[in-house]
Asks: 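Please see the structure below; I have some questions.
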2 protein chains.
Amino acid sequence: MAERKATSFDIAAKAGVSQSTVSRALRDSPLVNPETRARVQAIARELNYQVDRTASSLRTGNTRTLALLLFEDAPEAASPINPFFLSMLGSITKACSAHDYDLLVSFQHPEEDWYARYEEAHRADGLILLGYGDYVSAHPTLQRLADSGAHWVIWGPRLNFEHGICVGSDNALGGYLATRHLLKQGRRNIAFLGCNSEQAPEFADRYRGYGDALKEAKLVADPDLQVYAESFEDSGANAVASLLDAGLEFDALVCASDLIAIGAMHYLQDKGIDVPGEIAIVGFDDIQAAAYCSPALTTVRQDVKRAGETLVNLLLELIESGDETSRLLEPELIVRESCGS
Amino acid sequence: MAERKATSFDIAAKAGVSQSTVSRALRDSPLVNPETRARVQAIARELNYQVDRTASSLRTGNTRTLALLLFEDAPEAASPINPFFLSMLGSITKACSAHDYDLLVSFQHPEEDWYARYEEAHRADGLILLGYGDYVSAHPTLQRLADSGAHWVIWGPRLNFEHGICVGSDNALGGYLATRHLLKQGRRNIAFLGCNSEQAPEFADRYRGYGDALKEAKLVADPDLQVYAESFEDSGANAVASLLDAGLEFDALVCASDLIAIGAMHYLQDKGIDVPGEIAIVGFDDIQAAAYCSPALTTVRQDVKRAGETLVNLLLELIESGDETSRLLEPELIVRESCGS
DNA sequence: CAATGGCTTGCATACGTATTCACGCTGGCG
DNA sequence: CGCCAGCGTGAATACGTATGCAAGCCATTG
């Protein structure tokens, strides 16, 4: 069957009506006689007719498609994708399906001038930007995007652009919950892994929450126990190693991400240190691996399903009504084994 | 800037040439004078002009877009996506980017009549089908797709359709490698978890490889040690529980997927049984969590990166030259801790 | 009986691009 | 000096759909 695809004209001919009527009938327009509509729709089914979305988009000006732009630190094909973003991708895809929208997915080299490609090229009605803060929000082209009147949402901390909206977790609250829980367990020397990240400004908020919880407990955070880490296992291992090497006393770790936590946990276990017996650990994100490792990782869950739905819903409302506001989602502490409860 | 988007006519006016010339210049046609071309391109840049892909597609008949259809057992938004497919999604996305193609991602309810939506509706030039075998390959609409002359590739075991090509792992080889390795470690009572899966026919090939390795070692597979499981943690736990409850002797598990292996491993650990001391475990897939669990899981890696590239490359060649053949990819044994090496 | 209005339908056009066809101009050659 | 070749350009059109506008028909009403 290399035959030409059926068009609305073919249906029109077969139904003995005009192409306009076919178009209206297929879109359930009230203008067309119910009988005619039924006849046209029957013929359309019979011919396996599908509206040509390309032509339809050209005519109507909208694509019923959203574009997801993923910003990764290392966009080479070799590197694995951050598992948290991968889950977000899954939930966003499902949220789009639910609204009968299609989703274009694409990786972006942060250095590239990605600004124009999608909305400009009339490929999508709106954009979802996903990636660790600095790689996206500090990008000069984001300003251009904001100025362009395009429809977009971004995952991450709130930004001050006139157009475009932000959806993110309340990272400070998350850091606070993690730390308070450890304090309730009686831990007193709590270190924080993930300060001064260049990669992820959201870590700074988590760190702030950690400080708040200590302050509330009338404790002073020991500056030596607050160390740098990025969201990789290696980095978590290095961070905890530096603490051990310095001979510091600590009985718990609040980690700015699960990858850091898992790296740190494995390092401690390799050194024969019991987790959570000697050192309790709390992570952040609740990636899938958090539940699988031993001991299972207590962590601050960012509800990926709700996040994806929120991003998509807000973007669609923004497209339709043009008016929406940024949102902050509440994270949730998931207590497993690594915190010693 | 709510202004109208610039069109090729705007550029034409500004450059003092016709729209035809603009179109040719932007596509680097040799027909147009190099000077004119440079001038036109400069103006296009200046106006932030982007070719309207919708109109372009309508005219040329191709979209430079592929569609990825993901078939999941439980398409409700609540359920998490199988991590192996999620990684494939990532690698396919990257492979498309590398070819400057866009990727449409969409979940499919297996019961639905998904056949027509993409190529038919002129949304994509080709289709990639991804999901556990039966949900896709046994579907009646796949036959319609195969008959329709559409361009598509499917991940999984080879199928006999006239059109369309299959890319999959050599699952039998994988099962063989896993089992042979355990035999080399001196294990003799090796159970297999994942027989008779309704979900995943590829498990049957893995099981066959397991049998081949035993036969090669002149061992007879104990039928009691070959149990049913689907690719969920719970199912793995149940499977190994049934072995323990039956009081059977075994010193190793070959699992048809990593999720099964992780479920089984945790169950054994809960019962105070040492892995790999008393029981060695090998999984299949090499999902991210395999490296993170304790002990780290020895597993048969399906090279997700190469798989994604192969799917995309073959599909593109199929679209362009119309002639390609199915491929079988070699899996690789990744030795970690859970096998007791 | 004429006028009005509601209900259906068809005609014509626009969306923005890519490409076929035709044409004008320049220079070389007979 | 005239003709032809070839390069560069423009005019016109097609891709398939959605929709504003106009018109036809029938029934109702004054």
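Letters go in sequence order (proteins before strands), and every chain restarts at 1. The structure displayed is predicted, hence computed values, not measured ones.
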Asks: Categorize A/Thr21 for me: base, sugar-phosphate, or nothing, with a 4.0 angstrom heavy-atom threshold over every strand shown.
Replies: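 Contact class for A/Thr21: sugar-phosphate only.
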
Asks: Go through residues 33-43 of chain B and report each residue with a non-hydrogen atom lying under 4.0 Å from DNA chain D, sorted by number.
Replies: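 Residues of residues 33-43 of chain B that come under 4.0 Å of DNA chain D are, in numerical order, B/Asn33, B/Thr36.
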
Asks: Whether A/Arg64 and A/Asp125 form a salt bridge (side-chain N of Lys/Arg under 4.0 Å from carboxylate O of Asp/Glu) is what I want to check.
Replies: no

Asks: Rounded to whole Å, please give me the gap between CZ in B/Arg64 and C1' in C/dT17.
Replies: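 Distance check: B/Arg64 CZ to C/dT17 C1' gives 16 Å.
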
Asks: I want to verify a distance call: between C/dT17, C/dT9, D/dG10, whose nearest atom is closest to the B/Thr7 side chain?
Replies: C/dT17

Asks: Just to be sure I understand the rule, does A/Ser56 reach a base, reach only the sugar-phosphate, or reach nothing, if contact means heavy atoms closer than 4.0 Å?
Replies: sugar-phosphate

Asks: Compute the angle between the rotation axes at the two ends of the helix from C/dC1-D/dG30 to C/dG30-D/dC1, each taken over five pairs, rounded to 10 degrees.
Replies: 70°

Asks: Counting only side-chain nitrogens and oxygens, does B/Ser8 get under 4.0 Å of the OP1 or OP2 atom of C/dT17?
Replies: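 For C/dT17, OP1 or OP2 has a side-chain N or O of B/Ser8 closer than 4.0 Å.
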
Asks: What nucleotide, of D/dT17, C/dG16, C/dA12, holds the atom closest to the side chain of A/Arg59?
Replies: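 Per side-chain heavy atoms of A/Arg59, the pick is D/dT17.
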
Asks: Below 4.5 Å, heavy atoms only, C-beta onward: do A/Leu129 and A/Trp152 meet side chain to side chain?
Replies: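 Of all side-chain heavy-atom pairs linking A/Trp152 with A/Leu129, at least one is under 4.5 Å.
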
Asks: Given side chains that start at C-beta, do those of A/Thr7 and A/Asp10 come closer than 4.5 Å, heavy atoms only?
Replies: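 SC-SC contact between A/Thr7 and A/Asp10 confirmed.
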
Asks: Heavy-atom nearest nucleotide on DNA chain C for B/Leu58 versus B/Ser20: which residue maps closer to 5'?
Replies: B/Leu58

Asks: Before accepting this row, confirm whether a basic side-chain N of the pair A/Lys5/A/Asp52 lies closer than 4.0 Å to the acidic partner's carboxylate O.
Replies: no

Asks: Within the 4.0 Å heavy-atom criterion, would you say A/Val22 contacts the bases, only the backbone, or no part of the nucleic acid?
Replies: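 Result for A/Val22 = nothing.
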
Asks: Measure from CZ on A/Arg53 to C1' on D/dT17 and round the result to the nearest Å.
Replies: 13 Å

Asks: Looking for any heavy atom pair under 4.0 Å, which part of the strands does A/Arg24 touch: base, sugar-phosphate only, or nothing?
Replies: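 If one applies the 4.0 Å heavy-atom cut-off, A/Arg24 turns out to touch a base.
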
Asks: Does a donor on one side chain sit under 3.5 Å from an acceptor on the other, for A/Thr54 and A/Ser57?
Replies: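 Absent: no donor and acceptor within the cut-off.
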
Asks: List for me each residue that meets side chain to side chain contact (heavy atoms under 4.5 Å, CB included) alongside A/Leu86, sequence neighbours excluded, and say none if there are none.
Replies: A/Ile81, A/Leu89, B/Leu86

Asks: Heavy-atom distance under 4.5 Å between the side chains of A/His122 and B/Gln50, does that happen here?
Replies: no

Asks: Is there side-chain contact between A/Leu315 and A/Leu311, with at least one heavy-atom pair below 4.5 Å?
Replies: no

Asks: Could you state the atom-to-atom distance from CG of A/Asn62 to C1' of D/dA18 in whole Å?
Replies: 11 Å

Asks: Any side chain to side chain donor-acceptor pair (under 3.5 Å) pairs touching residues 34-47 of chain B, not counting sequence neighbours?
Replies: B/Lys14-B/Glu46, B/Asp28-B/Gln41

Asks: Among D/dT17, C/dT9, C/dA18, which nucleotide sits nearest the side chain of A/Val51?
Replies: D/dT17

Asks: How many whole angstroms separate atom CZ of B/Phe9 from atom C1' of C/dA14?
Replies: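 After rounding, the gap between these two atoms is 12 Å.
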
Asks: Within the structure, does a side-chain N or O atom of B/Tyr49 lie under 4.0 Å from either OP1 or OP2 of C/dG16?
Replies: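 It does not, given that no N or O in the side chain of B/Tyr49 lies less than 4.0 Å from OP1 or OP2 of C/dG16.
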
Asks: If you find the nucleotide of DNA chain D closest to A/Leu31 and the one closest to A/Gln19, which residue's nucleotide is nearer the 5' end?
Replies: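 Of the two residues, A/Gln19 wins.
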
Asks: Could you pull out all residues at least two apart from B/Leu329 that satisfy side chain to side chain contact (heavy atoms under 4.5 Å, CB included)?
Replies: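 For B/Leu329, the residues satisfying side chain to side chain contact (heavy atoms under 4.5 Å, CB included) (neighbours in sequence not counted) are B/Trp155, B/Val167, B/Arg306, B/Ala307, B/Thr310.
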
Asks: Of all the choices, D/dT19, C/dG16, D/dT17, which nucleotide is nearest to the side chain of A/Arg27 once you look at every atom?
Replies: D/dT19

Asks: Please determine whether a side-chain nitrogen or oxygen atom of B/Ser23 lies at a distance below 4.0 Å from atom OP1 or OP2 of C/dT17.
Replies: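 Checking B/Ser23 against C/dT17: no side-chain N or O falls below 4.0 Å of OP1 or OP2.
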
Asks: In whole angstrom, what separates A/Lys5's NZ from D/dA14's P?
Replies: 20 Å

Asks: So, under a plain 3.5 Å distance rule, would you say the side chain of A/Ser57 forms a donor-acceptor pair with the base of C/dC15?
Replies: no

Asks: Just the rounded figure in Å: distance from C1' of D/dG16 to CG of A/Asp52.
Replies: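 So the CG-C1' distance, A/Asp52 to D/dG16, works out to 6 Å.
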
Asks: Mind jotting down which residue pairs meet the side chain to side chain donor-acceptor pair (under 3.5 Å) criterion with at least one end in residues 312-321 of chain B? Sequence neighbours excluded, please.
Replies: B/His99-B/Asn313

Asks: Just to be sure I understand the rule, does A/Thr60 reach a base, reach only the sugar-phosphate, or reach nothing, if contact means heavy atoms closer than 4.0 Å?
Replies: sugar-phosphate

